[in-house]
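Here is the structure we will look at, set down as structure tokens.
Order of the sequence lines sets the chain letters (A, B, ...), proteins ahead of strands, with each chain counted from 1.
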Number of protein chains: 2
Amino acid sequence: MSTHRRQAISAALQAQPTFVSAQQLYAELRNAGERVGLATVYRHLQALAEAGQVDVLRTDEGEAVYRRCATGRHHHHLVCRSCGRTVEVADRAVERWADRIADEHGFRDVRHTVEVVGTCSACGAS
Amino acid sequence: MSTHRRQAISAALQAQPTFVSAQQLYAELRNAGERVGLATVYRHLQALAEAGQVDVLRTDEGEAVYRRCATGRHHHHLVCRSCGRTVEVADRAVERWADRIADEHGFRDVRHTVEVVGTCSACGAS
DNA sequence: GCAAGTATGAGAATCATTCCCGATAACCGG
DNA sequence: CCGGTTATCGGGAATGATTCTCATACTTGC
Ligand SMILES: [Zn+2]
Ligand SMILES: [Zn+2]
Ligand SMILES: [Zn+2]
Ligand SMILES: [Zn+2]
């Protein structure tokens, strides 16, 4: 149905350079003057995630963070633990690996989670 | 120092066939007659995790689940979404993949998360 | 504009996890 | 074995993210 709030949230997410939590996005929307409720942010973020339009993952502390990715296709992330810079990685090699492993053990309908974190060249003050 | 509680918790975890949450382990310990506090279960689980003696991962709902694995070496898991059966997978291929990807983008000190879930042959009522 | 059906927002309710702090138990030199 | 010292416990309060509830504010089709 209507999409005023939805658009605002979707746009705000679009503008984020890194993964953000629902709380962060909520704070930014409020600062930007949007009169939006926290529940609504959660609702739309979930909807977008289910629709496959945003990627979700969890920080080590268990907080869910969201990001609108450049491509709608399946991919993984390489994230800088310091600045949050994120590189989207679409590489069939890891997909094949997951399928092979599952196959070897007789598992069906496999789904995988693969994330890589490190320190990017800009942050690595080696 | 004291190790009564620590042992009990460690042993209880050992006895689990699948990943369990702190809450579940707490419940089992109480049922087994152990007079233990929830905070203590969390404390030791974290300690064990930091010591690398147990693996931790998060369910889709964000709950942390723990498991004492057969090997102390780095490995990944193939988990049945239905019965929880877990296969420990130690395969250098995915390690190499992660390192290569990180390298290609100039990331250092990389760490990765790789989990695979599916339906095992016993549960797959195809 | 109107009725019917959503979406929304404020605040309460949940729930895992963490904090706090007095009580308890392990250690240790004597 | 004893008292003093110190690390660990347990229980209940505190936290913080996420979800629920429900009265109210939009949308949409007419
Ligand atoms: Zn960086
Ligand atoms: Zn993949
Ligand atoms: Zn199974
Ligand atoms: Zn690995």
Side-chain angles (χ1 to χ4, degrees), chain A residues 1-14 16 18-68 79 84 113 115, chain B residues 1-14 16 18-68 79 84 113 115:
Chain A
M1 200 202 253
S2 161
T3 46
H4 180 199
R5 282 289 105 83
R6 178 173 223 121
Q7 281 180 4
I9 292 175
S10 189
L13 190 57
Q14 189 102 267
Q16 299 305 317
T18 74
F19 278 89
V20 288
S21 68
Q23 305 274 355
Q24 288 176 305
L25 200 59
Y26 169 69
E28 297 211 7
L29 282 163
R30 299 296 290 225
N31 280 337
E34 275 290 335
R35 245 186 83 279
V36 66
L38 186 52
T40 303
V41 175
Y42 273 103
R43 276 193 285 252
H44 281 155
L45 245 25
Q46 276 179 241
L48 287 168
E50 276 169 32
Q53 292 183 34
V54 304
D55 283 354
V56 191
L57 53 84
R58 291 198 179 260
T59 67
D60 289 337
E61 295 77 45
E63 191 177 15
V65 285
Y66 308 78
R67 178 164 200 263
R68 156 148 278 145
V79 187
T113 303
E115 299 298 335
Chain B
M1 203 195 259
S2 163
T3 45
H4 180 198
R5 282 288 103 83
R6 179 173 222 119
Q7 281 180 2
I9 292 175
S10 189
L13 190 56
Q14 189 101 269
Q16 299 304 315
T18 74
F19 278 89
V20 288
S21 68
Q23 306 274 354
Q24 288 176 305
L25 200 58
Y26 169 68
E28 296 209 8
L29 282 163
R30 299 297 290 222
N31 281 338
E34 276 288 337
R35 240 184 88 278
V36 66
L38 185 54
T40 304
V41 174
Y42 273 103
R43 274 192 287 250
H44 281 159
L45 244 26
Q46 274 178 237
L48 287 168
E50 275 169 30
Q53 292 182 34
V54 304
D55 282 353
V56 192
L57 53 83
R58 292 197 178 262
T59 67
D60 289 339
E61 294 78 44
E63 192 177 16
V65 286
Y66 307 78
R67 179 164 199 264
R68 155 148 281 144
V79 187
T113 303
E115 301 296 336

Next item on the list: Return yes if a side-chain donor-acceptor contact under 3.5 Å exists between A/Tyr42 and A/Gln23, otherwise no.
Entry: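 Yes.
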Distance in angstrom units between [X] [atom1] and [N] [atom2], rounded:
| X | N | atom1 | atom2 | result |
| --- | --- | --- | --- | --- |
| A/Gln7 | D/dT27 | CD | P | 10 Å |
| B/Leu38 | D/dT15 | CG | C1' | 14 Å |
| A/Arg58 | D/dA17 | CZ | P | 13 Å |
| B/Leu48 | D/dT8 | CG | C1' | 15 Å |
| B/Glu61 | C/dT17 | CD | P | 12 Å |
| A/Tyr26 | C/dT8 | OH | C1' | 12 Å |
| A/Glu63 | D/dT18 | CD | P | 5 Å |
| B/His4 | D/dC9 | NE2 | P | 10 Å |

Notebook entry, point to check: Checking only heavy atoms, does the side chain of B/Arg43 share a donor-acceptor pair with the base of D/dG10 at less than 3.5 Å?
Noted result: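 Donor-acceptor pair under 3.5 Å: yes.
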Item checked: CD on A/Gln53 to OH on A/Tyr66, rounded to 0.5 Å ->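 Between atom OH of A/Tyr66 and atom CD of A/Gln53 there are 14.5 Å.
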Next item on the list: Nearest 0.5 Å please: distance from the CZ atom of A/Arg6 over to the OG1 atom of A/Thr40.
Entry: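 One finds 11.5 Å between CZ of A/Arg6 and OG1 of A/Thr40.
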Of the nucleotides [options], which has the atom closest to the [X] side chain?
| X | options | answer |
| --- | --- | --- |
| B/His44 | D/dC9, D/dT18, D/dT19 | D/dC9 |
| A/Ala39 | C/dA16, C/dA10, D/dT18 | C/dA10 |
| A/Ala64 | D/dT18, D/dG10, C/dA10 | D/dT18 |
| B/Gln46 | D/dG10, D/dT18, C/dT18 | C/dT18 |

Next item on the list: Would you check if the side chain of B/Arg5 reaches a backbone N or O of B/Arg35 as a donor-acceptor pair within less than 3.5 Å?
Entry: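 Judged by distance alone, yes, a pair lies under 3.5 Å.
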Strictly below 4.0 Å: does [X] bring a side-chain N or O up to OP1 or OP2 of [N]?
| X | N | answer |
| --- | --- | --- |
| B/Tyr42 | C/dT18 | no |
| B/Arg5 | D/dG10 | yes |
| B/Arg30 | D/dG11 | yes |
| A/Thr40 | C/dG9 | yes |

Next item on the list: Test side-chain contact (heavy atoms from CB on, under 4.5 Å) on B/Glu28 and B/Gln16 and set out the steps.
Entry: CA-CA 10 Å; B/Glu28 296 209 8; B/Gln16 299 304 315; 2.8 Å; yes
